[in-house]
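To start, the structure under review is shown below, and the notes come after it.
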Amino acid sequence: MAIRSLLLPLALLVLAASSAAVAELKIGFYTNTCPDAEKIVREEMAKIIAAAPSLAGPLLRLHFHDCFVRGCDASVLLESTDGNVAEKDAKPNKSLRGFGSVERVKAKLEAACPGIVSCADVLTLMSRDAVVLAKGPFWPVALGRRDGRVSSAIEASNELPPASGDVPLLAKIFASKGLDLKDLVVLSGAHTLGTAHCPSFADRLYNNTGGNGTYGLVDPSLDSNYADKLRLKCKSVDDRTMLSEMDPGSFKTFDTSYYRHVAKRRGLFRSDAALLFDDTTKDYVQRIATGKFDDEFFKDFSASMIKMGDVGVLTGAEGEIRKKCYAPN
């Protein structure tokens with residue numbers, strides 16, 4: 001309760017600042033200018049995921065990382081230049097994937113409706129369709145976002161929620177985007193899809209200090225049997241070759257098994273484990289982990305994704321509609 005009460009004024013300020021832009025987003029935005037836009041995205045996404053089911057998670061993550069830096073303006077897709085290091089080259093974004101898939105979908109839209117559909121809308125639609133194709137929920141996407149022209153690796157490094165974060169830190173970052181504690185625990189459920197490289201969690205396996213000063217111990221908040229399995233894959237904190245499933249046994253399917261892993265202290269990241277150390281997030285994890293409230297989680301996830309997709313959007317005459325998602329016009 002304390003976290004929520006402290007962060008409420010900040011969240012209200014963020015929401016007020018963005019409400020005017022969000023009001024310009026609408027369902028069916030391209031009805032007259034590119035009526036088949038959503039169909040084109042959906043059909044191309046079906047081909048992409050059929051060929052590479054493991055891309056669902058990375059495409060969802062790409063949208064998440066975009067919205068948390070400068071809002072949902074496709075700035076994460078921009079390439080670095082001689083005079084600027086872009087978001088995609090920031091350390092937290094080095095493992096992002098799916099850029100080629102975004103360009104593929106954008107090319108289809110450009111062929112049908114040149115200069116009409118923004119990369120920001122493309123990425124938002126692709127993330128929704130990735131979830132649907134992974135057997136997750138469908139939600140309506142209001143469109144009309146425009147593309148940003150600025151992308152900064154420094155901003156990405158400073159603003160993205162860290163995988164090592166605790167709930168107070170993560171809640172503060174979420175509040176700065178107009179998202180609350182429930183959005184935090186619900187959107188963490190996106191970890192049901194995808195894989196992670198060892199450096200993002202291996203510090204939990206090797207870099208912990210015991211009460212007697214012993215170094216190199218396993219994080220006590222991590223189930224010891226699960227930790228043993230992870231150590232077989234990740235030989236050190238610097239092992240960049242191996243991948244681990246974020247939701248073991250179900251990493252290509254959008255479901256609630258992530259919460260069952262977290263409830264058993266088998267969440268991969270420190271940020272997953274942290275959900276059990278706050279009463280509000282712990283209650284939600286344990287409720288969904290029962291397997292009796294899958295429909296509730298699907299509704300909650302849809303609602304939180306809609307909120308996140310509205311963060312910091314550019315509309316009207318702001319920004320531009322890029323021809324290629326990797327470079328400004």
Side-chain angles (χ1 to χ4, degrees), residues 3 54 56-58 60-61 63-65 68 92-93 95-96 131 134 136 160-174 179-208 217-231 233-234 237 242-291 293-294 297-298 300-301 304-305 308:
I3 292 174
S54 62
L60 179 57
R61 184 174 177 235
H63 178 51
F64 184 97
H65 280 232
F68 268 76
N93 287 338
S95 59
L96 289 179
V131 171
L160 286 169
S164 59
D166 59 15
V167 170
L169 173 61
L170 297 173
K172 181 179 179 181
I173 295 171
F174 270 63
L179 302 171
D180 59 28
L181 201 56
K182 183 173 182 180
D183 296 314
L184 166 58
V185 66
V186 169
L187 291 173
S188 293
H191 289 172
T192 185
L193 295 175
T195 57
H197 287 87
C198 294
S200 63
F201 62 85
D203 65 310
R204 302 186 71 196
L205 307 176
Y206 298 103
N207 279 7
N208 296 275
L217 302 178
V218 172
D219 179 356
S221 67
L222 184 64
D223 175 76
S224 59
N225 291 328
Y226 183 45
D228 289 342
K229 291 179 181 179
L230 290 174
R231 286 173 77 126
K233 283 189 174 184
C234 296
V237 292
M242 298 300 295
L243 288 169
S244 290
E245 299 172 5
M246 292 192 289
D247 185 0
S250 182
F251 77 105
K252 297 178 185 178
T253 304
F254 192 94
D255 54 28
T256 57
S257 60
Y258 160 80
Y259 291 101
R260 286 186 279 283
H261 287 298
V262 173
K264 295 176 181 176
R265 298 190 300 118
R266 294 181 178 181
L268 191 60
F269 305 119
R270 287 188 189 274
S271 60
D272 297 324
L275 298 176
L276 296 179
F277 292 89
D278 173 88
D279 289 342
T280 300
T281 56
K282 179 181 179 180
D283 286 349
Y284 191 87
V285 167
Q286 293 181 333
R287 177 179 173 83
I288 303 303
T290 64
F293 304 100
D294 289 13
F297 168 63
F298 276 27
D300 289 343
F301 190 81
S304 290
M305 285 295 291
M308 189 183 77

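For the atom pair OG (Ser54) and CD (Glu245), the distance works out to 10.5 Å, reported to the nearest 0.5 Å. Met308 contributes atom CE, which lies 7.5 Å from atom CZ of Phe301 (distance to the nearest 0.5 angstrom). Atom CG of Leu243 and atom OG of Ser95 lie 9.0 Å apart (nearest 0.5 Å). For the atom pair CG of Leu60 and NE2 of His65, the computed distance is 10.0 Å after rounding to the nearest 0.5 Å.
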- Item | Working for side-chain contact (heavy atoms from CB on, under 4.5 Å), residues Arg204 and Ser221 | CA-CA 9 Å; Arg204 302 186 71 196; Ser221 67; 3.1 Å; yes
- Task: Any chance you could lay out the side-chain contact (heavy atoms from CB on, under 4.5 Å) test for Asp166 and Arg270, step after step, and finish with the verdict?
- Result: CA-CA 7 Å; Asp166 59 15; Arg270 287 188 189 274; over 6 Å; no
- Task: Start with the C-alpha distance between Thr195 and Met246, add both sets of side-chain angles, then the distance that settles side-chain contact (heavy atoms from CB on, under 4.5 Å), and finish with yes or no.
- Result: CA-CA 5 Å; Thr195 57; Met246 292 192 289; 5.6 Å; no
- Message: Pair Phe251, Leu193 - check side-chain contact (heavy atoms from CB on, under 4.5 Å), show working.
- Response: CA-CA 5 Å; Phe251 77 105; Leu193 295 175; over 6 Å; no
- Going through the checks in order, is the salt bridge (Lys or Arg N to Asp or Glu O under 4.0 Å) test met by Asp223 and Lys264? CA-CA 7 Å; Asp223 175 76; Lys264 295 176 181 176; over 6 Å; no
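Within the 4.5 Å cutoff, side-chain heavy atoms of Asp272 are placed close to those of Tyr258. Residues Pro162 and Leu170 are in side-chain contact: their nearest non-hydrogen atoms beyond the backbone lie under 4.5 Å apart. The shortest side-chain heavy-atom distance between His191 and Leu268 does not fall under the 4.5 Å cut-off. For the pair Val167 and Leu181, the minimum side-chain heavy-atom distance is below 4.5 Å. In this structure, Asp278 and Val185 have side chains that are not in contact, with every pair of non-hydrogen atoms separated by 4.5 Å or more. With a 4.5 Å cut-off on side-chain heavy atoms, Leu179 and Leu184 do not count as touching. Looking at heavy atoms from C-beta onward, Leu275 lies out of side-chain contact with Lys282 at the 4.5 angstrom threshold. Residues Phe297 and Val186 are in side-chain contact: their nearest non-hydrogen atoms beyond the backbone lie under 4.5 Å apart.
Remark: the backbone N or O of Arg287 is paired with a side-chain donor or acceptor of Thr290 at under 3.5 angstrom. A donor-acceptor pair under 3.5 Å is formed between the side chain of Arg265 and the backbone N or O of Pro220. With hydrogens and angles disregarded, no donor-acceptor distance shorter than 3.5 Å links the side chain of Ser250 to the backbone of Asp247. A donor-acceptor contact shorter than 3.5 Å is absent between the side chain of Asp283 and the backbone of Thr280.
Shown are Val285, Thr281, Ile288; of these, the side chain to side chain contact (heavy atoms under 4.5 Å, CB included) with Val262 is made only by Val285.
Shown here for Phe254 and Thr192, the closest heavy-atom pair between the two residues is CD1-CG2, 3.6 Å. Leu205 and Cys234 get closest at one heavy-atom pair: CD1-CB, 4.2 Å. The two atoms that bring Ala163 and Phe269 nearest to each other are O-CB, 3.5 Å, heavy atoms only. For the residue pair Gly291 and Arg260, the shortest heavy atom distance occurs at CA-NH1, 3.6 Å. Contact detail for Ala274 and Gly165: the closest heavy-atom pair is CB-O, 3.9 Å. Nearest heavy atom pair, residue Ser188 against residue Tyr259, reads C-OH, 4.4 Å.
Relative ring orientation between Phe64 and Phe68 is described as parallel, the plane-to-plane angle staying below 30° on a 0-90° scale split at 30° and 60°.
The aromatic ring centroids of His261 and Tyr226 lie 6.0 Å or more from each other. Outside the 6.0 Å centre-distance limit, the rings of Tyr284 and Phe293 are not counted as a close aromatic pair.
When the shell of 6.0 Å around CG of Asp294 is examined, it contains more than 12 heavy atoms from other residues, nucleotides or ligands.
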